[in-house]
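For the numbers below, each heavy atom of this structure counts, side chains included, while hydrogens, waters and symmetry mates do not. Residue numbers start from 1 in every chain, and the chains themselves are labelled A, B, ... in the order their sequence lines are given, proteins ahead of strands.
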Amino acid sequence: MAAAMREITYRQALNEALAEELERDPNVFLMGEEVAEYNGAYKVSQGLLERFGPRRIIDTPISENGFAGMGVGAAMVGLRPVIEFMTFSFSLVAFDQVVNNAPNMLTMSGGQFNIPITFRGPNGPAHQLGATHSHATECLYANVPGLKICTPATPRDAKGLLKTAIRDNDPVLVLEVELLYSSKGMVEEEGVELLIPLGEAEVKREGSDVTIICYAQTVPLALAAAERLENEEEISAEVLDLRSIKPLDMDAIVGSVAKTHRVVIVEQDRPFCGVGAEVSYRIQKEMFDSLDAPILRVAQEDVPMPYNEQLEKAVLPSAEKLIAAVKKVCYA
Amino acid sequence: MAAAMREITYRQALNEALAEELERDPNVFLMGEEVAEYNGAYKVSQGLLERFGPRRIIDTPISENGFAGMGVGAAMVGLRPVIEFMTFSFSLVAFDQVVNNAPNMLTMSGGQFNIPITFRGPNGPAHQLGATHSHATECLYANVPGLKICTPATPRDAKGLLKTAIRDNDPVLVLEVELLYSSKGMVEEEGVELLIPLGEAEVKREGSDVTIICYAQTVPLALAAAERLENEEEISAEVLDLRSIKPLDMDAIVGSVAKTHRVVIVEQDRPFCGVGAEVSYRIQKEMFDSLDAPILRVAQEDVPMPYNEQLEKAVLPSAEKLIAAVKKVCYA
Amino acid sequence: MAQPEPRDEVEMLSSMLLIRRFEERASQQYQAQKIGGFCHLYIGQEAVVCGAVAAARADDYLITAYRDHAHALARGTSANACMAELFGKATGCSRGLGGSMHYFDRERHMYGGHAIVAAHVPLAVGMAFASKYREEDRVTLCFFGDGAINQGSFHEALNLAALYKLPVVFICENNLFAMGTSVERSTSLKQIVDRAEGYDIPGTIIDGMNFREVRDKLSEIISSIRADPHPAFAEVRTYRYRGHSMSDPASYRTKEQLEKYRLDDPITRLRAQLTREEKLTNEQFDRLDKEAKEVALASVKFAEESPEPPLDKLYDYTYSQPVGQWPPQ
Amino acid sequence: MAQPEPRDEVEMLSSMLLIRRFEERASQQYQAQKIGGFCHLYIGQEAVVCGAVAAARADDYLITAYRDHAHALARGTSANACMAELFGKATGCSRGLGGSMHYFDRERHMYGGHAIVAAHVPLAVGMAFASKYREEDRVTLCFFGDGAINQGSFHEALNLAALYKLPVVFICENNLFAMGTSVERSTSLKQIVDRAEGYDIPGTIIDGMNFREVRDKLSEIISSIRADPHPAFAEVRTYRYRGHSMSDPASYRTKEQLEKYRLDDPITRLRAQLTREEKLTNEQFDRLDKEAKEVALASVKFAEESPEPPLDKLYDYTYSQPVGQWPPQ
Ligand SMILES: Cc1ncc(C[n+]2csc(CCOP(=O)(O)OP(=O)(O)O)c2C)c(N)n1
Ligand SMILES: Cc1ncc(C[n+]2csc(CCOP(=O)(O)OP(=O)(O)O)c2C)c(N)n1
Ligand SMILES: [Mg+2]
Ligand SMILES: [Mg+2]
């Protein structure tokens, strides 16, 4: 990129995206639990109440189904709501609104009502929050036609994807990563219009022996593993960050796999009917003959998340598990 | 089977399963909308109120989240609830109870509380019910650890699986098929204890050229297609009915594919992160070298279900689509 | 506030007639299997939506559940567009994609047609939020049944509306039954209107068989909301003559009960009021009814002759703008 | 009903002391990063659960939200098991798998420990349903916060409990805040107890800083329920001294407010009542407090020395019986 860059946190990047879009479009508002006076449970909305006032930064009771539905209704009459779920684990009590009302309205009304809404918040396991608070919802929502889903892993992607989501005329879920809120990365200076299209993956690291497909939490994990594979195993791994789960960037996937002929998918969700299952189906369908090994996935173990730290670690995907899988597909 | 058989409907089979288990175990009760005085929206619970009384056959208000949660609570203290969702499309408003409370309790309590509950009702598209009423939820629930999911396609499987589900000590979803309620099939005489284990697929038709993997609605469809393939294309298709989505009977799948080396999955749900994706991942992982063609899936089109009959037909999997896919994998 | 002109009442009477004749045709066509899916008839409840529409402004937002034919017709959606929707035709008010339960008419501020019980109540609150956000004096009319008040989304929506003081009237069409379940068997209250107390929302009971009472009481409520935005709750007592849906024999209620309400028929009642006041002659009424029947009949012909929605547009209604690599090849 | 013996009150006082000292240790260990995840302290609210437990029978069902340490301790779960749970150890009351928000103790009829706001309220109704189904005279005590009453599951649960006349006491621990949101900003009511009117459930306001008032008013309610099963609602007014969770500075409230409640401290208050009545000497109190501190301190040592849950049991808690081909290889 030509534009001058500076280093900011993932949290700051999201905050800038919200501020810029609130500034740009008077129809944009932010609604959710603790987003205003508390400045956000994870401080993503820091300072927005002060800057934009209580008309546009709105605290809600603990009524996810209610305020998610309010967002859909407001979107039907021309506003562009940004609905924050304190975490997407709590979106499960609003599941019907997100799955039925937001994405079906356009079809059910014969094209009369598109729903320009953004649902955002942290998604996936954080650290020792236990079974009810660790849900990775991307595969649940990806199954639903009419939704778009992006999963930023870097500050730059976080800012660019959230801005794009807010401008999109259909429902978009921006699934953030709690454990990355404080992570830093280079992002274009404020004022530079940063829009990253939905449905475009990005090669985060070039490689030739194997393609590691990742997103969100598993991107830093994949990059670390790739380093170690380079140094310890002389395996050159290409790290492809999906960035969007839906639509899925098959061109980028095919492009990389055509080069490497080997694939490991590392995902933050649970395995059964997860993102890895979908991606692997598509790859084997399109590239059956150019695959030199079965596609392997590294996902959560298929158990409710335990609180205990060691057990949680054992459930989650890890660099070790990923490296083992890569070595398997490389017969190394 | 040695036991004498008679022909009954899928509806009748479910009704017998409920009656037999209510008879056998005083802790079993049936709760849901219109299950008692109305004899069930689809008449599955016909006559049960009269026979077992209002203490055990309980009508509820339209409060799915509430009565699903009641079921979980009652199960915590030793009852064995059977919760009817009028359709699983309405289970989406109870999603949190089914996904968080029922399957997580055993883990969160360190093994103190198992939840012997059965959630049952029709699932998947019926006929022209539109986007909100046509959800196929199997892949959403299959992603959740701690749940078991079965999908009977015949009266015999319906009776045997529902009885097993009610006796299971953990949460089981019995996903029925509205369009099959009036279909008939041979079932052991009443009194013969019919229990079909969860996690056991069944070959519904032997074949040698290709394995068609199906379940629920798509079983009759697959059998019809297999007939036509035999007659019109001289392709011998083996039809494998999964019967349970979770646990998945990989032994049966591997056994069939080892013979045919070709697979088409025909599923009633939506494609993205659906059952077909999971099954295809597992097959290519286990049997990469014995596959002679990419695995293909035939699922719903990835759009909200339209009301119009022709468009609905175009969205749904069909014998035509299945035959085309089979011919592709057979290079026919 | 000022009584609307009698002209309006005659107009609303023919609107009620059209709704009834339209649905009689619809039920006939359903039996002839020209119509698929679920079909819920409104016959008997006509005074409720017509009274509300008479009390409201044409640009007030209106949203309801799946028993929605009347709500579109009362707002002026043509019988042709409504019947075509039942036939699943491209000329339907939802282009044949929504069906009986999902009527929409953006132009007439009819926001559906929603089939998940009570899931549209939060939508109504969001629409009212938008009016307040934009400082418009629009009021949102949110219709739902007696069965809807036991859903969580109803509860969350009412608390939110009260908390934010939003301009919305929650209109509970209490027809005594949710499918086969009577109100006493679904709700732990002597009267539904009391539920509004749990949110400090003012509640009113209205006789839903009496057009004038519905119109006048809602007029008062709506103008008080326009003056100063706040939510209000109306329990409108009415009755559906037919079963819950076309497949329901309604054996859970007595002939006597049905007869009692038929004697109180909203159309007969308004007609009587108007004739007594010499604002309507029998001839005029017969003409109105004849017109309604003709319009309904014509709508069937229109629907039959209308084209199916094009198959090649299958993927055009999932997203409103082109989406990268979707649909997958 | 007859006043419990003074002995009981002294016992409950030490129970309150143990809760406080235990949580002071827990907060210290959390800062030392021996404890992970979220940790919500109950300090200041001790009289609520202790009053309820004193009013109830040991076999009455008890269930609460995630601020649950006190509910287990008051029911007799050992400080060791509670502290070990925070440390994620195999000796914890949930074997280290549940953590702070998910305490369970089947033996003592403590049914959790639930972290999704209000999602446990329907569970409580199901437990009460089971008692009635089995014709037991057990009462279910369901605790939840002021923030929980705006969730749909709360609403559906209360209507169901009232409809089926189930023996359950809904105990709203109103500590004025849900995280940073005060009750006025979350609920459209002057007083929370009024929400019970929307279900025809009898409601009572209780001073949650006064152990005796909590015990006596709940005793009355519980015995009336035992005599004739029905739901009841109690708004118990209390205050949490600490932030919402360990990470919350609680800058949304004033020092003055906190001080006001500290002056009304439930432990100091019960102590004063007992000493005034010469049922407790200062020496006795100091001994009780010393004991509580020792037990809390010992629980830390116990937790530290306890084993981690075995890794090879990772798959043993997903299903309670062996499952065909699961886990997949
Ligand atoms: C969440 C949900 N549960 C169940 C249903 C099935 N259902 C459709 S209409 C209905 C009864 C609704 O009754 P009421 O609200 O009184 O409206 P009415 O039919 O009387 O107009 C039920 C149970 C549904 N559509 N949505
Ligand atoms: C459905 C849901 N939404 C949001 C949260 C996050 N959350 C946890 S506790 C809490 C506040 C609850 O306050 P209250 O009910 O008053 O209980 P208190 O913390 O005061 O004991 C919130 C918003 C959650 N756990 N579940
Ligand atoms: Mg009704
Ligand atoms: Mg509180």
Side-chain angles (χ1 to χ4, degrees), chain B residues 32-43 49 54 58-69 86-87 89-97 125-135 270-272 297 299-316, chain C residues 35-38 66 85-90 92 94-102 113-119 145-155 178-183 185-188 244-245 247-248 251-252 308-319 326-328:
Chain B
E33 292 156 16
E34 308 294 346
V35 297
E37 299 197 4
Y38 201 78
N39 288 293
Y42 298 99
K43 303 304 171 212
L49 172 64
I58 301 128
D59 278 328
T60 66
I62 309 169
S63 307
E64 286 81 0
N65 184 284
F67 65 76
M86 192 178 283
T87 87
S89 287
F90 310 144
S91 77
L92 300 184
V93 299
F95 200 69
D96 177 68
Q97 289 293 344
H127 187 56
Q128 284 195 270
L129 301 187
T132 58
H133 278 48
S134 303
H135 291 285
R270 294 176 290 225
F272 207 109
R297 73 182 171 199
Q300 288 186 39
E301 299 299 311
D302 192 18
V303 302
M305 188 64 78
Y307 164 72
N308 172 271
E309 190 167 23
Q310 296 182 16
L311 288 178
E312 183 183 50
K313 197 163 169 305
V315 170
L316 292 172
Chain C
I35 298 170
F38 291 136
Y66 48 84
E85 189 57 36
L86 298 180
F87 279 59
K89 297 301 183 77
S94 299
R95 295 217 181 124
L97 272 59
S100 168
M101 302 193 291
H102 304 120
H114 297 274
I116 299 299
V117 165
D146 46 281
I149 67 169
N150 301 310
Q151 267 286 323
S153 38
F154 166 88
H155 171 71
M179 291 186 82
T181 306
S182 63
V183 173
R185 298 205 301 122
S186 71
T187 304
S188 66
H244 166 69
S245 67
S247 60
D248 170 28
S251 41
Y252 42 82
E308 300 276 339
L311 271 174
D312 59 19
K313 287 227 179 324
L314 186 61
Y315 278 97
D316 291 9
Y317 298 105
T318 305
Y319 299 103
W326 184 93

Looking only at B:Pro304, B:Pro271, B:Ala36, the option with the highest number of non-hydrogen pairs under 4.5 Å against chain C is B:Pro304
Nearest 0.5 Å, please: how far is CZ in C:Arg95 from CG in B:Asn308? 13.0 Å
Gap separating the CD1 atom of B:Ile62 from the CZ atom of C:Phe154, nearest 0.5 angstrom: 12.0 Å
Using a 4.5 angstrom heavy-atom cutoff, name the option from C:Gly88, C:Pro310, C:Ala178 with the most pairs to chain B. C:Gly88
Please flag which part of C:Met101 lies under 4.5 Å from any non-hydrogen atom of chain B: side chain, backbone, both or neither. side chain
Minimum heavy-atom distance C:Gly37-B:Leu129, with the two atoms named: CA-CD2, 3.8 Å
Return the CG to CG distance between B:Asn65 and C:Asn150, rounded to the nearest 0.5 Å. 13.0 Å
B:Glu33 versus chain C, heavy atoms under 4.5 Å apart: side chain, backbone, both or neither? neither
What option among B:Glu309, B:Gln310, B:Glu312, B:His127 has the most heavy-atom pairs under 4.5 Å with chain C? B:Gln310
Rounding to 0.5 Å, atoms OG1 (B:Thr132) and NE2 (C:His114) come to a distance of 10.0 Å
Which heavy atom of B:Gln128 sits nearest to which heavy atom of C:Gly36, and what is that distance? OE1-CA, 3.5 Å
Can you tell me which of C:Ile149, C:Ile116, C:Val117 forms the most heavy-atom pairs within a distance under 4.5 Å of chain B? C:Ile116
Largest heavy-atom contact set with chain B, pairs under 4.5 Å, which of C:Ser94, C:Gly152, C:Pro309, C:Gly147: C:Pro309
Minimal heavy-atom distance between B:Asp302 and C:Tyr315, with the atoms involved, is N-OH, 4.0 Å
Can any side-chain N or O of B:Glu34 pair as donor or acceptor with the backbone N or O of C:Gly180 at less than 3.5 Å? yes
Kindly assign one of parallel, tilted or perpendicular to the pair B:Tyr38 and C:Tyr252, based on the angle between their ring planes and the thresholds 30° and 60°. tilted
List the steps and the verdict of side chain to side chain donor-acceptor pair (under 3.5 Å) for B:Tyr307 and C:Glu85. CA-CA 9 Å; B:Tyr307 164 72; C:Glu85 189 57 36; over 6 Å; no
